[in-house]
Amino acid sequence: MTDSNDTPRGPKHAPNTVVLDAKGLRALAHPVRVQLVGLLRKHGPSTATRLAERLGVNSGTASYHLRQLGDAGFVEEDAERGNARERWWRAVHRSTWFSEPELAEREPEAALAYLQSVAAAYTLRTQRALSELQTLPDRWRGTFDMSDWSLRLTPEETVSLREELRALLDRYRSDDPETAAEAPEGAERVSLIAQILPELDTPGADSPDAAPASDPARARSRRMESW
């Protein structure tokens, strides 16, 4: 999880979260590294070979990026699983927060590369889910949703919206490899990807370029559901 405005809040975020500094930001400014960290957090410890197969890269590439992530403190060797022939890696943290606007100003290229890598990872996750829709069990088909809403908010209202969404998510069971066995029967992994995207170049209500009130794109939210 990434946040570009403030430090993590709430008991679920603080214990096992890394807040990016300049070194960490530069280390994660690569799409393969973002995906490697994500896979280790999502599925638990693994080897470079298995991770490479998931990502469609060669094991040498995965090994190199894992070592770079290790040097930056995002992953570490799992000595209990590793042996002389095979190195196992595990994630050090459960989530990542990008919380300093000043850091983005000092490291603009790394900040942009990191955020673009996160966005690419979200896109891949969505595309993977879409490709599997037809094979979902019947009782899961009605759960899928892709929606977007156009809102006109102040910066303060936007922050309030973000915090309300976080509070809502805190009411639900989080997923990680260590606690998966404690979930009730029938529970599966569900990914919720939230994006709050300011569009400051959009014409305002008083602009001559603004859409008329009768325009359906302005009059109601846009929503698409697959099932």
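On a predicted model such as this, the values are computed, not experimentally measured, just so you know. All heavy atoms count here, side chains included; hydrogens, waters and symmetry mates do not.
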Using only atom types and a distance under 3.5 Å, with no angle test, would you say the side chain of Thr61 pairs donor to acceptor with the backbone of Val57? no
Return the minimal non-hydrogen interatomic distance between Ala52 and Ala62, and the atom names on each side. CB-CB, 3.9 Å
Does the distance from a Lys or Arg side-chain N to an Asp or Glu carboxylate O, for Arg166 and Glu163, drop under 4.0 Å? yes
Looking only at heavy atoms, the pair that brings Glu132 and Thr135 closest together is O-OG1, 2.9 Å
Side chains of Leu40 and Leu51 in contact at under 4.5 Å (non-hydrogen atoms): yes
In chain order, what residues pass the salt bridge (charged side-chain N to carboxylate O under 4.0 Å, His left out) check against Glu76, with sequence neighbours excluded? Arg90
Check whether any side-chain heavy atom of Val190 sits under 4.5 Å from a side-chain heavy atom of Trp140, and report yes or no. yes
Intermediate values then yes/no, side chain to side chain contact (heavy atoms under 4.5 Å, CB included), Asn16 and Val92: CA-CA 8 Å; Asn16 202 5; Val92 176; 5.7 Å; no
Side chain to side chain contact (heavy atoms under 4.5 Å, CB included), that's the test. Do Arg33 and Tyr64 meet it? Break it down for me. CA-CA 10 Å; Arg33 294 178 195 173; Tyr64 168 77; 3.7 Å; yes
Find out whether Lys42 and Arg189 are in side-chain contact, i.e. whether some heavy atom of one side chain is under 4.5 Å from a heavy atom of the other. yes
Determine yes or no for a side-chain-to-main-chain donor-acceptor pair under 3.5 angstrom, with Thr123 supplying the side chain and Ala119 the backbone. yes
Can you tell me how far apart OG1 (Thr158) and CG (Leu151) are? Round to the nearest 0.5 Å. 8.0 Å
Closest non-hydrogen contact found for Ala183 with Ala187 is CB-CB, 3.9 Å
Pair Met146, Leu130 - check side chain to side chain contact (heavy atoms under 4.5 Å, CB included), show working. CA-CA 10 Å; Met146 287 177 62; Leu130 289 173; 3.9 Å; yes
Shared hydrophobic cluster, Leu112 / Tyr122 (ILVMFWY, side-chain heavy atoms < 4.5 Å): no
CZ-OG distance between Arg81 and Ser46, expressed to the nearest 0.5 angstrom: 9.5 Å
Less than 4.5 Å apart, side chain to side chain, heavy atoms only: is that true for Val75 and Leu36? no
Does some side-chain heavy atom of Gln35 sit less than 4.5 Å from a side-chain heavy atom of Leu124? yes
Given side chain to side chain contact (heavy atoms under 4.5 Å, CB included), test Arg162 with Leu165 step by step and report yes or no. CA-CA 5 Å; Arg162 188 189 65 214; Leu165 289 173; 5.6 Å; no
Is a side-chain donor or acceptor of Arg94 paired with a backbone partner of Arg41 at a separation under 3.5 angstrom? yes
Using a 4.5 Å cut-off on heavy atoms from C-beta on, say whether the side chain of Trp88 contacts that of Glu77. no
Using a cut-off of 6.0 Å, state whether more than 12 heavy atoms not belonging to Gln195 lie near its atom CD. yes
Which heavy-atom pair separates Gly73 from His93 by the least distance, and what is that distance? O-CE1, 3.3 Å
Is it the case that the side chains of Gln127 and Ser131 hold a donor-acceptor pair, with the cut-off being a distance below 3.5 Å and no angle test? no
All N/O donor-acceptor pairs, side-chain side in residues 19-31, below 3.5 Å, sequence neighbours left out:
unit_1, atom_1, unit_2, atom_2, d
Asp21, OD1, Lys23, N, 3.3
Asp21, OD1, Gly24, N, 2.8
Lys23, NZ, Asp71, O, 3.4
Arg26, NH1, Glu107, OE2, 2.7
His30, ND1, Val32, N, 3.1

Does the side chain of Glu199 come within less than 4.5 Å of Arg152's, by heavy atoms? no
Is any side-chain heavy atom of Arg50 closer than 4.5 Å to a side-chain heavy atom of Trp89? no
Any donor-acceptor pair under 3.5 Å from Arg141 side chain to Leu136 backbone: yes
Rounded to the nearest 0.5 Å, what's the gap from CG on Asp78 to OG1 on Thr47? Could you check? 11.5 Å
Do the side chains of Leu115 and Leu103 join up, straight or via other hydrophobic residues, at under 4.5 Å, putting them in one cluster? yes
Report whether Leu55 and Val34 are members of the same hydrophobic cluster (ILVMFWY, side-chain heavy atoms less than 4.5 Å apart, transitive linking). yes
